Amino acid sequence: NKILRNAFGAGAVLLILLLALLYSRYRTKQRSNRLLQIRQKEIDDTNCRLHQLNVRQQGLLEEKVRLLEEKERLLEEKEWLMREVHHRVRNNLQLIISLLKMQTAHLRDELALSAFGDISTRIYTISLIHQQLYQDQGDMTMINMPDYVSGLVGFLDESRRTEQRIGFTLEVAPIRLDVSQSVPVGLILNEAISNAIKYAFPGDYIDPRISIILRQDEDRTIHLTVSDNGVGLPAELDIEHSSSMGLPLIRTLAIQLEGQVTVYPRPGTTIDLTFRRE
């Protein structure tokens, strides 16, 4: 009987241990299931947020593409408007020149004719800038100075009243200037070249020449030099207080450029302009 009781006790202990082990395994499985559910919920939440983020990013990309297309359209429209503006300004200036020429047909006074001619030439100098901006396929705020100087010299050479052949030497660096600087530079060129054509080579002057040099230093300083091998300015002329239109206008335009201009009257005449490029 004692043996049976001991066997029964041992069996009971084993049964209790087995039940405890099964219960522990059950609890561990329950905890594992809960952890798996929590992790699955976190994964589902993360996937949901990722989906929402992808949808938002896709919307942002579509909006970016739309804005870029709109920007491109506006840039094209702006370019067209700028060209149209330059074209109309150039046409209006040409109309003014035509009106001036019509008015000169009724004039007999040589001084008045000369004044009207000078005004027309100055207007054409500005018109040439707008013509180049209208025709230029690149930046419509910058002027290609080699092309501009060449075109202006060609116009002044063709429009002079004398039959005297004048040689022109151009040394123009590949510089592009802003419109706000190109206009005063063009007018200074016009005054200097026109004055040289009119007054530097009287009579049958031998081998008349006009030289134009435009260059830029490393510090963006622009040097413009217009010189001729003519008779030079009269000795009695007070350059600083000249009453003529040309030199005071050149000095006024140099001030507009925040530059300095120096006039060397003899031998020949040299006008040297220095200013900082914007």
Side-chain angles (χ1 to χ4, degrees), residues 1-91 129-148 173-185 215-222 256-259 275-278:
N1 291 332
K2 186 178 181 179
I3 294 173
L4 288 174
R5 286 196 300 271
N6 290 336
F8 181 77
V13 170
L14 289 174
L15 179 61
I16 292 171
L17 290 174
L18 180 61
L19 290 173
L21 180 62
L22 289 174
Y23 180 74
S24 175
R25 183 177 179 185
Y26 170 77
R27 292 297 301 272
T28 301
K29 186 175 181 181
Q30 288 291 99
R31 286 195 297 271
S32 297
N33 288 336
R34 284 197 298 271
L35 288 174
L36 286 174
Q37 289 175 355
I38 292 172
R39 294 293 182 267
Q40 185 62 44
K41 186 175 184 305
E42 291 177 348
I43 292 172
D44 292 341
D45 291 343
T46 301
N47 288 335
C48 182
R49 286 195 295 270
L50 288 173
H51 176 70
Q52 293 175 350
L53 182 60
N54 288 333
V55 171
R56 191 177 301 114
Q57 287 180 337
Q58 182 65 30
L60 290 174
L61 286 174
E62 292 176 355
E63 180 67 11
K64 182 179 180 180
V65 170
R66 186 189 69 80
L67 290 175
L68 288 174
E69 291 176 349
E70 180 70 9
K71 177 184 176 182
E72 187 69 23
R73 184 188 67 80
L74 291 175
L75 287 174
E76 291 177 356
E77 183 176 326
K78 176 186 175 183
E79 181 177 346
W80 180 85
L81 289 173
M82 289 289 289
R83 291 189 188 282
E84 186 66 17
V85 166
H86 290 305
H87 182 57
R88 293 191 179 189
V89 170
R90 184 254 183 188
N91 287 346
I129 288 177
H130 290 281
Q131 178 178 332
Q132 187 178 125
L133 290 172
Y134 170 69
Q135 294 175 343
D136 195 347
Q137 298 300 317
D139 187 352
M140 286 185 295
T141 63
M142 307 294 288
I143 294 295
N144 185 303
M145 294 308 293
D147 292 343
Y148 176 71
I175 299 172
R176 296 178 70 88
L177 289 182
D178 184 82
V179 174
S180 62
Q181 291 188 310
S182 300
V183 171
V185 168
R215 60 183 178 85
Q216 175 179 306
D217 293 341
E218 293 181 357
D219 63 351
R220 299 172 67 86
T221 299
I222 303 292
Q256 182 179 334
L257 289 166
E258 297 182 358
F275 65 96
R276 292 274 297 178
R277 177 183 175 189
E278 290 185 354

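Here the structure is a predicted model, which means the values were calculated and not measured.
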Point-to-point distance, once rounded to the nearest 0.5 Å, from CG of N33 to OG1 of T28: 11.0 Å

Between E278 (side chain only) and Q181 (backbone N and O only), is there a donor and an acceptor less than 3.5 Å apart? no

Side chain proximity check, F275 to V185, heavy atoms < 4.5 angstrom: yes

Polar contact flag, side-chain donor to acceptor under 3.5 angstrom, H51-N47: no

State whether the number of non-hydrogen atoms from other residues, nucleotides or ligands found under 6.0 Å of R88 atom CZ is greater than 12. no

Between the CD atom in E63 and the CG atom in L68, the distance rounded to the nearest 0.5 Å is 10.0 Å

Close side-chain approach of V85 to H130, heavy-atom, < 4.5 Å: no

Starting at CZ of R276, measure out to OG1 of T221 and round the result to the nearest 0.5 Å. 4.5 Å

Distance, nearest 0.5 Å, that separates CE of M142 from CG of L177: 6.5 Å

Could you tell me the separation between the CZ atom of R176 and the CG atom of D147, rounded to the nearest 0.5 Å? 8.5 Å

Crowded around E258 CD? As in, over 12 foreign heavy atoms under 6.0 Å? no

Nearest heavy-atom approach of A173 to P146 is O-CG, 3.4 Å

Between K41 and D45, does any side-chain N to carboxylate O distance fall below 4.0 Å? yes

Intermediate values then yes/no, side-chain contact (heavy atoms from CB on, under 4.5 Å), M145 and S182: CA-CA 8 Å; M145 294 308 293; S182 300; 4.2 Å; yes

Hey, is R73 close enough to E76 for a salt bridge, meaning N to O under 4.0 Å? no

Are a donor atom and an acceptor atom from the side chains of D44 and Q40 found within less than 3.5 Å of each other? yes

Nearest 0.5 angstrom please: N91 CG to E84 CD, how far? 8.5 Å

